[in-house]
A.B. asks: 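Sharing a structure, written as structure tokens. Questions coming.
Side-chain atoms are counted along with the backbone in the values below, which use heavy atoms only and exclude waters and symmetry mates. All of these numbers come straight from a predicted model, not from anything done at the bench. Lettering of chains follows the sequences in order, A, B, ..., and the numbering in each one begins at 1.
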Amino acid sequence: MEMKVPTMAECIANGEVPEILFWVGCSGSFDDRAKKITKAIVKILNKAEVKFAVLGTEESCTGDPAKRAGNEFLFQMQAFTNIQVLNGYEVKKIVTGCPHCFNTLKNEYPDLGGNYEVIHHTQLIQQLIDSGKLKVEGGSFKGKKITFHDPCYLGRANNEYEAPRSVIEKLDSELTEMKRSRANGLCCGAGGAQMFKEAEHGDKEVNVERAEEALALNPNVIATGCPFCMTMMTDGVKYFNKEAEVKVYDVAELIANAQDL
Amino acid sequence: MGISNIIFLLLFVGAFTLFALKIKTIVRNIRLGRDQNLNDNFAERLKVMSMVAIGQSKMVVRPVSGIMHILIYIGFVIMNIELLEIVIDGIAGTHRVFAFLGGFYDFVIGSFEFLGLGVLLACIVFLIRRNILKLKRFWSAEMTSWPRSDANLILTIEILLMTAFFTMNATDQVLQSRGVEHYIQAGAYPISHYYSALFTGLSSETLIMIERSIWWFHICGILFFLNYVPYSKHFHILLAFPNVFYSNLNAKGKFSNMESVTNEVKLMFDPSATPPPADAAPVKFGAKDVNDLSWVQLMNAYSCTECGRCTSNCPANITGKKLSPRKIMMDTRDRLEEYGKNLDKNTPDTKSLLHDYITPEELWACTSCNACVEACPINIDPLSIIIDLRRNLVMEESNAPAALAGMFTNVENNGAPWQFGQADRMNWANEA
Ligand code: HEM
Ligand code: SF4
Ligand code: SF4
């Protein structure tokens, strides 16, 4: 299926007002693995005929990694720049492909003059399914064993544990839980700007600890909803040489693949 | 009023004065922190306090220690009512002054015995978990000899106090049954009733001596304990409540907005904005020492029970890194005590929380995952301290790990944490 990805600038030029802005994020724009998630989200939006747009080259880092690393100056510079663009387009509603962008836009931009309704892509997918705009039948994941790894910035940070799970349940697969899940979920190791540096000295990598826990369930798929978790879990699975048997997918990819989008 | 009543009164007043002075110092120390106005959402705060502190909702996530703790907690709160009687008896020289309440009195005293047994049991279980089962969270690196002794001391004192309570009741019963003068018939003793058999062979004089000695031991123990509490992790029995009341009500993912930075950034975006007056005090970004933290963060430090639930859920700590959120709280308290003492003595103070207590290596290991905040039964927020210290490292000391400094440069120049150009941001849409 051909992807249709209108930009905000194009929409305005054509006199259209999109319902929702899709905030792609840096990983979703540049990381090869995460780009696949971005495309899955676009395919779902296209399929459900959602009128959306992206900022394209006008998008810039939300500033999340700078803020978590203690660089509030850089964070606020980024935030002000982005808010100027978003307010210029009179954006009301945003869906993000990344829990970090989601958290920052939703919780930290309002103090700086950026007020939007922000949802995570798993929440949007759930809404599309619930409202009948998107039909999902088991498809290729029917009967498969799937475990969901909670991204910290979706789960604990914003109390969203159910949306991704309710979407996975639509696939007629077997959802199994790790002992550390939901509010007790263990981090993948990438948050707080860890993604961009080596870990401190210790006796294990966090993603190895987490992948070990997930693999102990013998799943067919480890699902998640964050491009950072994607990197960490994929590397963790590789560490145990299990990449042939166990796939790591974003919830959006599960839906897009199941429907052959 | 006899001599013993006067001694009691003096002891009592002395102990409370000492306690009040220590509390005054602690309140002063907490107030050294930055202002943070949290007088919003009174109703919601009350609700959270009722659930989490009074209702112990986060304690029972770990059922064994949660339920044992509820036994101690309820026992302590309710049995303190009897303290009122003990104090009146001590001052007025009466014996069981509330006995006139009759059947109700019997019921209350009888219930106290059940509660007391619960406390005794729970304290023994806690001691076993710490010293025989050696649960990992009580033995990690920051649990040096003092924190471990502190916990054992508290539990031992509680056990001694409970034993004293039962011994008083047991001897009292025997004396009551013999109709000894002063020991009026009062109370019900469903538990110590069994214990009193030990004392029936003794003469009434000996029994009175035992009963009196234990009475004094009990009340002196309580007064000592009162003054021990503010030096100990046991201070949580008071601070847990306000600590939960003033805890963060926002989404955990929202980090505080730094107004001081907003002011400067606004100036850069809009040169016509009013700059701060030239004589304004220079702003300091982030926290280097305890007085740069907010009063809530300092109250958090005094409230910490050192239970280690935060640390046992911390991904960095689980994988062997130096970071331990419990240590962050213990260090903050220790440093604040030191800072306060130096202030009182007017001694120059060259140390700081950052570097002298908490090292950059610990701070940079944090993934900001909020597991510690979620785990804390009294809603302490170690992550907020970690971030404030990181802010100082980055914005005051320019002391970020090289890889992060590179990430900052990328964000600043390309609008992405990696070296990709902004113009290529939408290339993905054209890739098959
Ligand atoms: C007001 C009466 C209270 C009393 C008498 C009391 C007593 C105790 C005692 C004796 C311990 C020691 C257990 C050990 O170290 O092994 C303890 C620990 C603890 N208390 Fe309390 N407490 C009270 C209130 C609270 C409240 C309101 C909270 C908040 C929910 C709380 C939270 C804790 C926690 C988290 C621990 C560490 C226990 C663990 O998990 O190992 N306490 N308390
Ligand atoms: S937020 Fe930081 S300190 Fe707290 S549990 Fe996560 S990694 Fe550990
Ligand atoms: S911060 Fe909370 S969870 Fe951690 S040791 Fe202190 S009381 Fe326990």
A.B. asks: Give the member of K67(A), K106(A), E209(A) that has the highest number of heavy-atom pairs under 4.5 Å with chain B.
C.D. replies: K67(A)
A.B. asks: Give a yes or no on whether the backbone of T311(B) and the side-chain of R137(B) come within a donor-acceptor separation of less than 3.5 Å.
C.D. replies: no
A.B. asks: Does any heavy atom of chain A fall under 4.5 Å from the side chain of W418(B), the backbone, both, or neither of them?
C.D. replies: side chain
A.B. asks: Can you tell me which of L393(B), N414(B), N370(B) forms the most heavy-atom pairs within a distance under 4.5 Å of chain A?
C.D. replies: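 Looking at each of L393(B), N414(B), N370(B) in turn, N370(B) comes out on top.
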A.B. asks: With a 4.5 Å cut-off on side-chain heavy atoms, are H120(A) and N158(A) touching?
C.D. replies: no
A.B. asks: Quick one, V208(A) and F240(A) - any side-chain contact, counting heavy atoms below 4.5 Å?
C.D. replies: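 Result yes, sub-4.5 Å side-chain heavy-atom pair found.
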A.B. asks: Tell me, out of A429(B), A375(B), G320(B), who's got the most heavy-atom pairs with chain A below 4.5 Å.
C.D. replies: G320(B)
A.B. asks: Can you tell whether the side chains of K252(B) and E374(B) come within less than 4.0 Å, N to carboxylate O?
C.D. replies: yes
A.B. asks: Please state whether the side chain, the backbone, both or neither of Q194(A) comes within less than 4.5 Å of a heavy atom of chain B.
C.D. replies: side chain
A.B. asks: Report which part of F255(B) has an atom under 4.5 Å of a heavy atom belonging to chain A: side chain, backbone, both, or neither.
C.D. replies: both
A.B. asks: As an exercise: rank A69(A), A66(A), G63(A) by heavy-atom pairs under 4.5 Å with chain B and give me the winner.
C.D. replies: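 The option with the most such pairs is A69(A).
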A.B. asks: Establish, from distance only, whether the side-chain atoms of N427(B) and K35(A) form a donor-acceptor pair under 3.5 Å.
C.D. replies: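 No pair is found: no donor N or O on one side chain lies under 3.5 Å from an acceptor on the other.
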A.B. asks: Please work out which of the three classes, parallel, tilted or perpendicular, describes the rings of Y153(A) and H100(A), given edges at 30° and 60°.
C.D. replies: tilted
A.B. asks: Is N103(A) in contact with chain B via its backbone, its side chain, both, or neither, using a 4.5 Å heavy-atom distance?
C.D. replies: side chain
A.B. asks: Which one of D388(B), N317(B), T367(B), T262(B) has the most heavy-atom pairs closer than 4.5 Å to chain A?
C.D. replies: T367(B)
A.B. asks: Counting only heavy atoms closer than 4.5 Å, note whether Q84(A) contacts chain B via side chain, backbone, both or neither.
C.D. replies: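 Side chain only.
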A.B. asks: Does the pair R391(B)/E72(A) count as a salt bridge with the N-to-O cut at 4.0 Å?
C.D. replies: yes
A.B. asks: Check whether S256(B) gets within reach of chain A through its side chain, its backbone, both or neither, counting any heavy atom under 4.5 Å.
C.D. replies: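 Contact with chain A involves the backbone of S256(B) alone.
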A.B. asks: Please classify the contact between S27(A) and chain B as side chain, backbone, both or neither, with a heavy-atom cut-off of under 4.5 Å.
C.D. replies: both
A.B. asks: Top residue by heavy-atom pair count (under 4.5 Å) with chain A, among A400(B), A365(B), A416(B)?
C.D. replies: A365(B)
A.B. asks: Does atom CD of E198(A) have more than 12 heavy-atom neighbours from other groups under 6.0 Å away?
C.D. replies: no
A.B. asks: With a 4.5 Å cut-off on side-chain heavy atoms, are K36(A) and M230(A) touching?
C.D. replies: no
A.B. asks: Could you tell me whether K288(B) and D292(B) have a side-chain N and a carboxylate O separated by less than 4.0 Å?
C.D. replies: no
A.B. asks: Between chain A and each of L383(B), L323(B), I387(B), V411(B), count heavy-atom pairs under 4.5 Å; write down the option with the most.
C.D. replies: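 Option with the greatest count: V411(B).
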A.B. asks: Need one label for E264(B): side chain, backbone, both or neither, based on atoms under 4.5 Å from any heavy atom in chain A.
C.D. replies: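 Side chain only.
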A.B. asks: Examine distances only and state if a side-chain atom of E108(A) and a backbone atom of K254(B) form a donor-acceptor pair shorter than 3.5 Å.
C.D. replies: no
A.B. asks: Check whether M407(B) gets within reach of chain A through its side chain, its backbone, both or neither, counting any heavy atom under 4.5 Å.
C.D. replies: side chain
A.B. asks: Between H201(A), K204(A), E205(A), which residue shows the highest count of heavy-atom pairs closer than 4.5 Å to chain B?
C.D. replies: K204(A)
A.B. asks: Measuring heavy-atom distances to chain B, does Q78(A) have an atom under 4.5 Å in its side chain, in its backbone, in both, or in neither?
C.D. replies: side chain
A.B. asks: If I measure from the heavy atoms of chain B, does T81(A) come under 4.5 Å with its side chain, its backbone, both, or neither?
C.D. replies: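 For T81(A), backbone and side chain are both near chain B.
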A.B. asks: Go through V61(B), I318(B), L389(B) and name the one with the most non-hydrogen pairs under 4.5 angstrom from chain A.
C.D. replies: I318(B)
A.B. asks: May I ask you to decide if the ring planes of F420(B) and F30(A) are parallel, tilted or perpendicular, using 30° and 60° as cut-offs?
C.D. replies: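 It falls in the parallel class, under 30°.
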A.B. asks: Side chain, backbone, both or neither: which part of R180(A) has a non-hydrogen atom closer than 4.5 Å to chain B?
C.D. replies: side chain
A.B. asks: Identify whether the distance between the nearest side-chain nitrogen and carboxylate oxygen of E213(A) and R210(A) falls below 4.0 Å.
C.D. replies: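 Yes, charged N to carboxylate O under 4.0 Å.
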